Amino acid sequence: MQIQTPIRVPSWFSTRRHLEQKLTDLHKCTDLNQVKQLHALIYKTHLHDDLFIVPKLMSAFSISGKINLVVNVFNQIKNPNVHLYNALIKAYVRSCESKKALSVFVEMGNFGVFGDNYTYPFLLKAFSGELKFSFVKMVHAHIEKLGLYADVFVTNGLIDAYCKCGVMGVVEARRLFQVVENKDVVSWNTMIRGLVKLGEIGEARKMFDEMDEKDTYSWNSMLDGYAKTGKMNVAFELFERMSLRNVVSWSTMVMGYCKAGDIEMARMLFDRMPVKNLVSWTIIISAYAEKGLAKEAIGLYKRMEQEGLRPDNGSIVSMLTSCAESGMLGLGKRVHGSIERFGYKCCVEVNNALIDMYAKCGNLSRALSVFEGMMSRDLVSWNVMIHGLAVHGQGEKALHLFSKMMQEGILPDTVTFVGVLCACCHAGLLDEGVHYFYTMEREFGVVPEIEHYGCAIDLLGRRGRLQEAVSLIDEMPFEPNVKIWGALLGACRKHNAVGLAEEVQRHILKFESTDAGTFSMLSNIYAAAGDWDSVSSSRLRVKRTGSRKRSGVSSIMLDDGGYEFSVMDTSHPNSEEIYQMVGDLSHHLKQLSSLPNAV
DNA sequence: CTAGGGTTAG
């Protein structure tokens, strides 16, 4: 039986030893209130400059996202040692402030504090999204000077960082991999991953085969490599040989079959997965959405919700992007509902994807209202909205938005100008477009790419300034592609420039395109000029080369799925009734339009 | 330090 202490004491009033025990796991504490209480306790017991406790406190605040508290605690310390600097760097990395992480590193150097085996992996992770070869080389030099090669974490971090720097980086990584003495599974896996990401799957396979202690990471990296390059038969062969398959292995296979267009196989594997998680659901739903299979996509989305899974930011963005590609408004709206319900409204990427989805599905007003309701917008938000307006023929509104964007101090990039020029093309704002093309580099520092030239040639051509369009093609620092010549050919058609059209045609033929669109364009040009002999000879050429113009298709989404139809299409089982209805409708419309008040 | 899904153009 236990004896109760007669006097109740406040919980913080305990021996230092007791307190230290309480603080052992402080750095893992995720409850902010508890951390704050412990912080007060630390203050009261004069432990706020203890070099073992303070880094833990910093880490705890950093987990809760309280970067300013981390900095406050750090600033209390007169002569911070390497552990404190590490904690601060790590905190900045966690809150995605890589620039600040770097400046802390520079600062510690200025105070004569050397980095240790923790500092460098943090620093490399800070820039993991945008690693420059020269930066990694610099870090490498530091590591070598300080003799930190003995730590696998350091060398693995370095190998990983090099692998993220493209071809040059991977060469350096492989050299390092060979030089380094202590290697573990992670070193091998990192190297294999780097090769896979670079597309060097053969080299990756060689290393994989050499490995004797492969783990699930190694197998999964290979699966990913084969899945991304469409080699599903090889991927499947490996998959079958795996002894320890996990969710990632299954999901990678499902994704691979989706990418290869074999959604049936993907679905079969998905149904057989022993454990599904959010990523697996996202992959299969996105695949159905991309294919326009609305019924399946929405059904699976419902089932996912029933299983109690909430989509996260990544999942939402992925599904919305797929909806945008196939024009699937139904699922898009449902996902929008989840965004509202689960409070993702402040995530910029989610809103950007939402705007794009609504715009691509033709619901401009909803796109606009999402755009206007955003608390903060980034460059992509403006770009998608401008482009959305542009392709819907709302050129003036798009340009208005463009000027508003600059008023708010956002600098346009190369994508912005594709949207701006596209807006001018679609809305017939020819002179404005030509003006933007000629000033984009001088005034905004955005160097025109081939897409911008394409728009400019289209604009000049439509205006009838054919000579200028031709000289622009000569001047441009790119080899003209089919699209460039196509734009010029369109201009020839509009302005009956038969001679030039024939010349353009010769260029287009060099591309050995089987698309007969250009042939029929040329024959239309002859027809407009009244040159009927040439019309028939060019039509003959279409027949002789066996090229066919892929006819345009329209699609429509109904409750039970998507339908495609084209000219003279009789593939639908009820096509007879459909044509009957269309006939009735157009008859009805004709009658209406003959009335005096017809619009 | 290593594995699967992730916003804009063409």
Side-chain angles (χ1 to χ4, degrees), chain A residues 117-118 120-122 124-125 128 151-161 163-164 183-194 196-197 214-225 227-228 244-256 258-259 273 276-287 311-322 324 347-357 359-360 377-388 390-391 412-423 449-455 481-484:
Chain A
N117 49 339
Y118 284 84
Y120 293 99
F122 293 163
L124 289 171
K125 202 171 169 58
S128 58
D151 190 324
V152 249
F153 275 71
V154 173
T155 46
N156 286 346
L158 202 52
I159 290 171
D160 180 48
C163 284
K164 286 171 179 153
K183 285 183 281 246
D184 62 2
V185 210
V186 178
S187 327
W188 283 83
N189 288 344
T190 309
M191 211 48 248
I192 288 177
R193 181 85 212 128
V196 163
K197 278 256 149 87
K214 308 176 187 46
D215 66 1
T216 313
Y217 281 73
S218 340
W219 287 88
N220 286 350
S221 286
M222 291 312 300
L223 290 188
D224 186 48
K228 291 239 164 76
L244 283 170
R245 293 185 280 240
N246 63 10
V247 210
V248 177
S249 333
W250 286 89
S251 300
T252 306
M253 292 302 289
V254 171
M255 186 207 66
C258 290
K259 283 234 162 83
M273 282 179 78
K276 301 176 182 57
N277 67 7
L278 184 59
V279 176
S280 355
W281 284 95
T282 306
I283 291 169
I284 196 83
I285 295 171
S286 298
D312 65 1
N313 291 354
S315 167
I316 286 173
V317 169
S318 170
M319 289 185 290
L320 287 177
T321 308
S322 303
C347 176
V348 191
E349 288 89 349
V350 164
N351 282 310
N352 292 348
L354 199 54
I355 297 170
D356 190 46
M357 183 276 295
K360 295 237 167 76
R377 293 182 265 263
D378 67 0
L379 178 61
V380 176
S381 326
W382 292 90
N383 285 353
V384 286
M385 199 61 247
I386 289 172
H387 191 258
V391 294
D413 71 349
T414 173
V415 182
T416 317
F417 278 102
V418 174
V420 167
L421 295 177
C422 178
E449 291 168 17
I450 193 156
E451 290 80 20
H452 303 105
Y453 277 95
C455 290
N481 58 24
V482 189
K483 285 197 172 128
I484 297 279

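These numbers come from a predicted model, not from an experiment. In the text below, chain A, chain B and the rest are named by the order of the sequence lines, each starting its count at 1.
In this structure, A:K214 reaches neither bases nor backbone, as no heavy-atom distance under 4.0 Å exists between it and the strands shown.
For A:N481, there are no side-chain hydrogen bond (donor to acceptor under 3.5 Å, both in side chains) partners at least two apart in sequence or on another chain. The ring pair (Phe, Tyr, Trp, His ring centres under 6.0 Å) check on A:F122 picks up nothing, with sequence neighbours excluded. Evaluation of the side-chain hydrogen bond (donor to acceptor under 3.5 Å, both in side chains) rule for A:T282 yields A:S315 as partners, not counting sequence neighbours. Considering only residues two or more places apart in sequence or on other chains, A:K214 meets the side-chain hydrogen bond (donor to acceptor under 3.5 Å, both in side chains) condition with none of them. Every residue two or more places apart in sequence or in another chain that forms a salt bridge (Lys or Arg N to Asp or Glu O under 4.0 Å) with A:K164 is listed here: A:D160.
Put simply, CE on A:M385 is 13 Å from P on B:dA9, counting in whole angstrom units. Between A:L421 atom CG and B:dG10 atom P there is a gap of 12 Å when expressed in whole angstrom units. One can place NZ of A:K483 at 12 Å from P of B:dA9, the figure rounded to the nearest angstrom. In this structure, A:D413 places its CG atom 13 Å from P of B:dT8, rounding to the nearest Å.
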Letter per nucleotide, 5' to 3', of nucleotides 2-7 of chain B [B base touched, S only sugar-phosphate touched, - untouched; heavy atoms, 4.0 Å]
BBBBBB

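For B:dG10, the OP1/OP2 oxygens have no side-chain nitrogen or oxygen of A:H452 closer than 4.0 Å.
The structure places SG of A:C163 at 10.0 Å from CG of A:L158, a figure rounded to the nearest 0.5 Å.
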